[in-house]
S.K.: 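A single structure is presented below for examination.
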Amino acid sequence: MDLQALLDDLAREAAPFAAQGKVADYIPALAAVDPARFGIALGTVDGQLLGSGDWRVPFSIQSVSKAFSLALVLARDGEALWRRVGREPSGNPFNSLVQLEYEKGIPRNPFINAGALILIDRLLSLTGDSLGTLRDFLRAESGNAALDIDAEVAASEAGHGHRNAALAHFMASCGNLENPVESVLHHYFRQCALTMSCADLAKAGLFLANHGLRADGSRLLSRSEAKRINAIMLTCGTYDAAGDFAYRVGLPGKSGVGGGILAVLPERGVLCVWSPALDAHGNSVAGVEALDRFTTRTGWSVF
Ligand code: DON
């Protein structure tokens, strides 16, 4: 199969789908991104890296970062995490407040915002520097030592982060935060503001396709832990659209409101797609479409 030709076709076909979505504007700095951007990259476990369109242009990874945070916490802390966060699909928006109250401050899963705040809180306790730990990991796995946060996006989100602050304060009131709310939010806003390209992400996520092995061959996660993260990505990675994503794409995926989606092809590689215009659930419209077309044309899915 000519994978390069396939990625080029997907990049060419994206425009009408991007036109159906809307760039996130609740974080004002994200509203300035050109909705016509489209990139797609495929990193393979045997070391190939292919891409098309804007695949080398850095974008705000936002919630895609949560897949990596989960890996770093599970690697250090194992199953203890599950006392503080669930692993069921939420069926509610990623920043919902209501569910958290009736579930007594235990977030439904680690990928909704409340759950990600728990990941960061724990990584902060375990390492003293949640953002630094994540950034070092992403730099090592992607091979991009210059990878960093976009300070303007971080400040923009911090200035408009009332919902995340509300979620964090509520969890603190339930006794489910170990660190001060301000520290957890500080690290959360900055980690969401990390900028990476499709190429960077397609390389950084390879441990998920490779049974937990890092780029240097060392083990981050056991086979079983890597399987579990993929399972949570499939069931919860695209929020209240996870069922539709599984139906259409058939791969574990993690989206972000910057328009990126990382999808795992177990034992083959990682696909990363970026198109900033989002649907009502916060997932990239052209990104989901491209992944749908990729798995349909290659037949590569987990099903
Ligand atoms: O906290 C927020 O709202 C954003 N920093 C991240 C949300 C996000 O990316 C949800 N994904 N689709």
Side-chain angles (χ1 to χ4, degrees), residues 21-33 35 58-70 89-97 99-100 107-121 130-131 134 149-171 181-182 184-196 201 232-245 249 252-263 272-288 291:
K22 196 170 162 299
V23 174
D25 56 7
Y26 75 100
I27 301 170
L30 291 183
V33 178
F59 61 90
S60 189
I61 70 169
Q62 294 294 321
S63 292
V64 179
S65 65
K66 295 169 183 172
F68 297 101
S69 300
L70 176 58
S90 65
N92 274 308
F94 61 82
N95 55 5
S96 171
L97 296 161
Q99 193 164 47
L100 192 61
R108 212 26 117 76
N109 67 64
F111 292 153
I112 53 174
N113 289 7
L117 290 164
I118 296 289
L119 297 176
I120 285 155
D121 180 50
S130 165
L131 171 68
L134 175 64
I149 68 164
D150 180 327
E152 193 192 329
V153 172
S156 179
E157 184 162 359
H160 295 78
H162 304 299
R163 262 180 184 265
N164 287 318
L167 293 167
H169 278 291
F170 185 74
M171 291 191 291
V181 164
E182 294 68 29
V184 175
L185 289 173
H186 177 88
H187 285 260
Y188 175 77
F189 293 142
R190 276 159 187 72
Q191 102 161 41
C192 290
L194 285 163
T195 64
M196 294 172 71
L201 279 166
I232 298 168
M233 287 172 71
L234 182 74
T235 52
C236 310
T238 45
Y239 308 108
D240 44 340
D244 191 57
F245 186 85
V249 177
K254 184 73 211 79
S255 62
V257 293
I261 307 176
L262 184 151
C272 180
V273 61
W274 172 50
S275 167
L278 309 177
D279 63 20
H281 304 286
N283 301 314
S284 168
V285 180
V288 176
L291 293 172

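Nothing here was measured: the structure is a model prediction, and the numbers come from that model. Order of appearance sets the numbers: ligands from 1, and atoms from 1 within every ligand.
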S.K.: Side chain or backbone, does Asn283 bring an N or O within less than 3.5 Å of an N or O on ligand 1?
M.R.: no

S.K.: Output the distance between atom CG (Leu117) and atom OG (Ser69), rounded to the nearest 0.5 Å.
M.R.: 10.0 Å

S.K.: Are the side chain of Asn109 and the backbone N or O of Cys236 linked by a donor-acceptor pair below 3.5 Å?
M.R.: no

S.K.: Kindly indicate whether the side chain of Ser284, heavy atoms from C-beta on, has any atom under 4.5 Å from the side chain of Val273.
M.R.: no

S.K.: Just jot down the ligand 1 atoms closer than 4.0 angstrom to any heavy atom of Tyr188, in number order.
M.R.: 1 (O), 2 (C), 4 (C), 5 (N), 6 (C)

S.K.: With respect to Cys192, determine whether any N or O atom, backbone or side chain, lies less than 3.5 Å from an N or O atom of ligand 1.
M.R.: no

S.K.: Does the N or O separation between Tyr26 and ligand 1 drop below 3.5 Å for any pair?
M.R.: yes

S.K.: Counting N and O atoms only, with roles assigned by atom type, does the side chain of Trp274 sit under 3.5 Å from a partner on the main chain of Pro58, one being a donor and the other an acceptor?
M.R.: no

S.K.: Using only atom types and a distance under 3.5 Å, with no angle test, would you say the side chain of His187 pairs donor to acceptor with the backbone of Leu131?
M.R.: yes

S.K.: Atom 4 (C) of ligand 1: which protein heavy atom is closest, and how many Å away?
M.R.: Gln62 OE1, 3.1 Å

S.K.: Please identify which atoms of ligand 1 are closer than 4.0 Å to at least one heavy atom of Val257.
M.R.: 7 (C), 8 (C), 9 (O), 10 (C), 11 (N), 12 (N)

S.K.: Using the side chain to side chain contact (heavy atoms under 4.5 Å, CB included) rule, pick out the option among Val285, Val257, Asn283 that qualifies with Leu278.
M.R.: Val257

S.K.: May I ask you to decide if Phe111's main-chain N or O and Tyr239's side chain share a donor-acceptor pair within less than 3.5 Å?
M.R.: yes

S.K.: Return the residue, atom name and 0.1 Å-rounded distance of the protein heavy atom closest to atom 12 (N) of ligand 1.
M.R.: Gly282 O, 3.1 Å

S.K.: Specify side chain, backbone, both or neither for Asn164, according to which of its non-hydrogen atoms lie closer than 4.0 Å to ligand 1.
M.R.: side chain

S.K.: Could you check whether any heavy atom of Phe189 sits closer than 4.0 Å to an atom of ligand 1, since that is the contact criterion I want to use?
M.R.: no

S.K.: Starting from atom 10 (C) of ligand 1, what is the nearest protein heavy atom, named by residue and atom, and what distance separates them?
M.R.: Ser63 OG, 2.9 Å

S.K.: What residue and heavy atom of the protein are closest to atom 11 (N) of ligand 1, and at what distance?
M.R.: Tyr239 CE1, 3.2 Å

S.K.: Is Phe94 in polar range of ligand 1, meaning some N or O pair under 3.5 Å apart?
M.R.: no

S.K.: Is Asn95 in contact with ligand 1, taking contact as a heavy-atom separation below 4.0 Å?
M.R.: no

S.K.: Please confirm whether the backbone N or O of Pro28 pairs with a side-chain atom of Asp25, one donor and one acceptor, at under 3.5 Å?
M.R.: no

S.K.: Within ligand 1, which atoms have a heavy atom of Ser255 less than 4.0 Å away?
M.R.: 11 (N), 12 (N)

S.K.: Look at atom 2 (C) of ligand 1 and find which of Glu157, Arg163, Lys254, Lys66 reaches it with the closest heavy atom.
M.R.: Glu157

S.K.: Within this structure, what is the CG-CE distance for the pair Asp121 and Met171, rounded to the nearest 0.5 Å?
M.R.: 8.0 Å

S.K.: For the side chain to side chain contact (heavy atoms under 4.5 Å, CB included) test, which of Met196, Gln191, Lys254 pairs with Ile61?
M.R.: Met196

